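Shown next, in structure tokens, is the structure this report addresses.
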2 protein chains.
Amino acid sequence: MSPKKKHFGELIREKRTEKKLTLRKFADRVGLSPTYVSQIEQGNFAPPPADRIRKMAEVLEADADELIAAAGRMAEEVAGLIEKRPIEMASFLRHAKGLTPQQIEQLTKMAEDMSKKPKKD
Amino acid sequence: MSPKKKHFGELIREKRTEKKLTLRKFADRVGLSPTYVSQIEQGNFAPPPADRIRKMAEVLEADADELIAAAGRMAEEVAGLIEKRPIEMASFLRHAKGLTPQQIEQLTKMAEDMSKKPKKD
DNA sequence: TGTGGTGTGTAGTAAACACTGGACAGATGC
DNA sequence: GCATCTGTCCAGTGTTTACTACACACCACA
């Protein structure tokens with residue numbers, strides 16, 4: 001249905017070669033072994049935890065969210081954001097689950113406005 | 001600062017004794033060993049995964065979200081809700097992070113309305 | 001022809017997670 | 001006195017996670 005969704009490994013391999021980075025160099029800068037990175041790029045190993053992915057994004061000068069999303073690791077990335085109001089956030093997410101990206105963005109703007117002027121003026 | 005926040009273990013022990021359930025009976029119905037439950041209630045073991053907690057809530061006829069929140073396990077509970085639009089949801093959560101419960105509830109209502117009539121009428 | 005640089009396959013590992021079993025001590029009832 | 005029910009302590013275990021080391025094969029090019 002969709003245009004052949006590529007997995008996390010393919011994605012970083014692509015970004016890495018674009019940056020003309022060798023696997024060893026890349027692994028070294030991220031702080032991982034070449035073996036591990038190789039296996040991840042091939043899709044044999046699962047993507048690393050979200051914080052490692054952020055480091056990867058930094059080295060590759062890529063968008064961290066895109067990589068984290070491709071890795072299916074967004075939940076752990078946002079864990080810290082919901083822990084202050086977990087119940088209300090859970091309720092929100094259940095209702096917002098089926099919305100389109102545009103609708104979610106609209107809600108994001110509203111949230112932004114709300115935090116600018118906490119009282120209703 | 002706050003009124004002596006009680007941890008997950010204390011909470012289920014409270015609910016369990018309210019329901020006049022013995023530790024063994026409770027553990028049995030949830031499908032866990034008494035040892036394990038005992039340690040959790042004392043706070044020696046970490047709370048179990050979110051799905052176990054939901055089972056506990058069911059047995060105790062308690063609110064699952066409250067227990068999951070107390071366990072600090074809400075992230076894994078909502079993981080499935082964000083995986084469809086992870087990037088947009090992450091962006092939302094970053095902006096909504098500091099809001100009050102009332103404000104979040106307001107946004108939840110808006111989300112609810114949006115899913116009722118997806119087109120703007 | 002060999003030296004250096006590329007990625008890869010196999011095997012293993014340390015630590016964390018999610019538990020369990022069995023022995024036990026203290027109170028309760030007969 | 002003893003059986004039974006309560007929760008607890010200690011030690012151990014299987015599984016998963018997040019990796020690593022080493023040996024290897026391939027290619028370039030001097």
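Residue numbers begin at 1 in each chain, while the letters A, B, ... track the order of the sequences. Keep in mind that this is a model prediction, so the values were computed, not measured.
Although no hydrogens or angles enter the test, the distance criterion places a donor-acceptor pair under 3.5 Å between the side chain of A:S33 and the main chain of A:Y36.
The residues A:E58 and A:R29 are annotated as not salt-bridged, no charged nitrogen and carboxylate oxygen being separated by less than 4.0 angstrom. Electrostatic pairing of B:R13 and B:E10 does not count as a salt bridge here, judged by no charged N lying under 4.0 Å from a carboxylate O. Electrostatic pairing of B:K15 and B:E66 counts as a salt bridge here, judged by a charged N lying under 4.0 Å from a carboxylate O. For the pair A:R94 and B:D65, the salt-bridge criterion is met [side-chain N within less than 4.0 Å of a carboxylate O].
At a non-hydrogen distance threshold of 4.0 Å, B:L32, B:S33, B:T35, B:Y36 from residues 32-39 of chain B come into contact with DNA chain C. Listed in residue order, the members of residues 18-30 of chain B having a heavy atom less than 4.0 Å from DNA chain C come to none. Contacts between residues 47-78 of chain B and DNA chain D, defined by a heavy-atom separation under 4.0 Å, are absent.
With a 4.5 Å cut-off on side-chain heavy atoms, B:K19 and B:E61 count as touching. A 4.5 Å side-chain heavy-atom check between A:I68 and B:P86 finds every atom pair outside the cut-off. Using a 4.5 Å heavy-atom cutoff, the side chains of B:R54 and B:E77 are in contact.
Across all non-hydrogen atoms, the minimal contact from B:L93 to A:M89 is CD2-SD, 3.9 Å. Nearest heavy atoms, A:A71 versus A:I53: CB-CD1, 3.4 Å. Contact detail for A:P48 and A:M56: the closest heavy-atom pair is CG-CE, 4.0 Å.
Taking CD of B:E88 as the start and OG1 of A:T100 as the end, the distance is 9.0 Å to the nearest 0.5 Å. Atom CZ of A:F92 and atom CD1 of A:I82 lie 12.5 Å apart (nearest 0.5 Å).
Once you apply a 4.0 Å limit to the heavy atoms of chain B, the touched nucleotides of DNA chain C run 5' to 3' over C:dA18 to C:dG22. Note that the first and last nucleotides of DNA chain D, 5' to 3', having any atom under 4.0 angstrom from a heavy atom of chain B are D:dT6 to D:dC10.
Remark: B:K109 pairs with no residue by the salt bridge (Lys or Arg N to Asp or Glu O under 4.0 Å) rule, at least two apart or across chains.
Side-chain contact check for A:Q39 and A:T35: no donor-acceptor pair (N or O, by modelled atom type) lies under 3.5 Å.
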